[in-house]
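In what follows, a single structure is set out as structure tokens and then discussed.
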Amino acid sequence: MITIIAEILLGLRATLHTSSAINTSEAVKQHKLLVFTTIGSYYHESIPFGIAAIEKLSRDNEFLVDATNDSSLFTNNNLKQYSAVVFLSTTGDVLNDQEKNAFVRFIRSDKGFVGIHSAADTEYGWSWYNKLLGGHFMSHPIQQNATLNVIDRRFIVTKHFPKQWRRFDEWRSFQATR
Ligand SMILES: *[C@@H]1O[C@H](CO)[C@@H](O)[C@H](O)[C@H]1NC(C)=O
Ligand SMILES: *[C@@H]1O[C@H](CO)[C@@H](O)[C@H](O)[C@H]1NC(C)=O
Ligand SMILES: *[C@@H]1O[C@H](CO)[C@@H](O)[C@H](O)[C@H]1NC(C)=O
């Protein structure tokens, strides 16, 4: 799981740098991530390790991180300071209607989202979030080796992968977008 976080955030870092390259005063401005975790319906013991891994990435790659499990921080005003929100192993229903509205507005203002692990096992009843994810978690078989065929090696988040990537992990099935 840690490797996947690293890969995703390196892609995100590249994205953030690209988007700020046009304006030199923007380029020196440090990007800030909000890492959101919750106990929800199932607590993943990997959460503190995930936060530590993202904090290490932030030190190595010069962005800032706030980590919280407090959904009341999802307000228009507070979210403004962040370049992206990370749902780190969230589960179940995590935001109330007002917080959802602030998050939708944040995404529509061209900001980023990273969903890690059970972010896809979160907010099943919220169809906007379902579309943001591209599909909710359905099930997973026992952990096993898989060979991933990387079909888009130009996309910024996947371009550093080899054509075929072999990895032992908890592979998942997803429900189609509703
Ligand atoms: C560059 O970014 C800064 C900080 O956000 C902004 O104040 C300034 O107007 C921008 N300059 C240009 C040329 O877009
Ligand atoms: C939030 O984090 C604090 C401090 O780690 C913990 O005591 C609390 O139980 C957590 N609450 C939720 C809802 O996750
Ligand atoms: C997965 O692949 C690794 C490296 O090839 C191998 O050592 C390991 O035994 C494999 N695990 C399973 C469960 O097949």
Side-chain angles (χ1 to χ4, degrees), residues 1-19 31-69 82-95 107 111-127 129-178:
M1 178 186 155
I2 301 298
T3 313
I4 291 177
I5 294 172
E7 305 287 357
I8 292 169
L9 286 173
L10 287 176
L12 179 67
R13 176 201 172 209
T15 311
L16 296 176
H17 278 226
T18 311
S19 63
H31 288 285
K32 203 170 179 187
L33 294 192
L34 180 63
V35 177
F36 180 52
T37 62
T38 52
I39 291 182
S41 54
Y42 177 88
Y43 180 70
H44 286 88
E45 283 170 13
S46 60
I47 285 175
F49 299 95
I51 293 173
I54 295 170
E55 283 173 344
K56 179 174 188 317
L57 283 166
S58 77
R59 288 191 297 274
D60 296 349
N61 295 283
E62 293 167 24
F63 61 86
L64 303 170
V65 175
D66 289 336
T68 187
N69 63 15
Y82 298 105
S83 301
V85 165
V86 181
F87 275 28
L88 172 61
S89 296
T90 49
T91 44
D93 291 342
V94 294
L95 301 180
I107 296 298
K111 300 295 188 72
F113 171 73
V114 178
I116 294 173
H117 196 64
S118 55
D121 193 17
T122 299
E123 292 284 0
Y124 276 90
W126 185 13
S127 65
Y129 182 72
N130 177 262
K131 290 191 181 74
L132 179 70
L133 291 174
H136 267 97
F137 169 72
M138 185 162 66
S139 62
H140 66 78
I142 58 160
Q143 298 184 349
Q144 58 196 279
N145 282 317
T147 301
L148 285 83
N149 296 309
V150 180
I151 54 175
D152 185 349
R153 297 179 67 224
R154 282 169 308 180
F155 183 47
I156 201 147
V157 177
T158 50
K159 71 177 188 184
H160 56 291
F161 284 131
K163 245 184 164 153
Q164 291 201 321
W165 185 37
R166 208 171 146 70
R167 194 177 153 79
F168 179 87
D169 215 320
E170 185 180 271
W171 301 105
R172 324 197 114 203
S173 306
F174 290 87
Q175 303 166 9
T177 310
R178 293 188 295 270

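All values below come from the heavy atoms of this structure, side chains included, with hydrogens, waters and symmetry mates left out. In each ligand, atom 1 is the first atom listed, and ligand 1 is the first ligand listed. In this text, all values refer to a predicted model and were calculated from it rather than measured experimentally.
- Every side chain to side chain contact (heavy atoms under 4.5 Å, CB included) that Ser173 has, sequence neighbours left out, goes to Met138, Ser139.
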Only pairs under 3.5 Å count here: list side-chain donor-acceptor contacts from residues 140-152, not counting sequence neighbours, and write none if there are none.
residue, atom, partner, partner atom, Å
Gln144, NE2, Ile142, O, 2.9
Thr147, OG1, Arg166, NH1, 3.4
Asn149, OD1, Gln164, NE2, 2.7
Asp152, OD1, Arg154, N, 2.9
Asp152, OD1, Phe155, N, 3.1

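- A search for side chain to side chain donor-acceptor pair (under 3.5 Å) contacts involving Asp66 returns Tyr82, not counting sequence neighbours.
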Could you pull out every N or O of ligand 3 that sits under 3.5 Å from a protein N or O, with the distance for each pair?
residue, atom, partner, partner atom, Å
ligand 3, 2 (O), Asn145, OD1, 3.1
ligand 3, 2 (O), Asn145, ND2, 2.4
ligand 3, 11 (N), Asn145, ND2, 3.0
ligand 3, 14 (O), Asn145, ND2, 3.2

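- In this structure the side chain of Leu95 reaches within 4.5 angstrom of the side chain of Phe36, judged on heavy atoms.
- Tyr129 and His136 have tilted rings, their planes meeting at an angle from 30° to 60° on a 0 to 90° scale.
- Side chain of Thr122 to main chain of Thr90: a donor-acceptor pair is present (N/O by atom type, distance under 3.5 Å, no hydrogens or angles).
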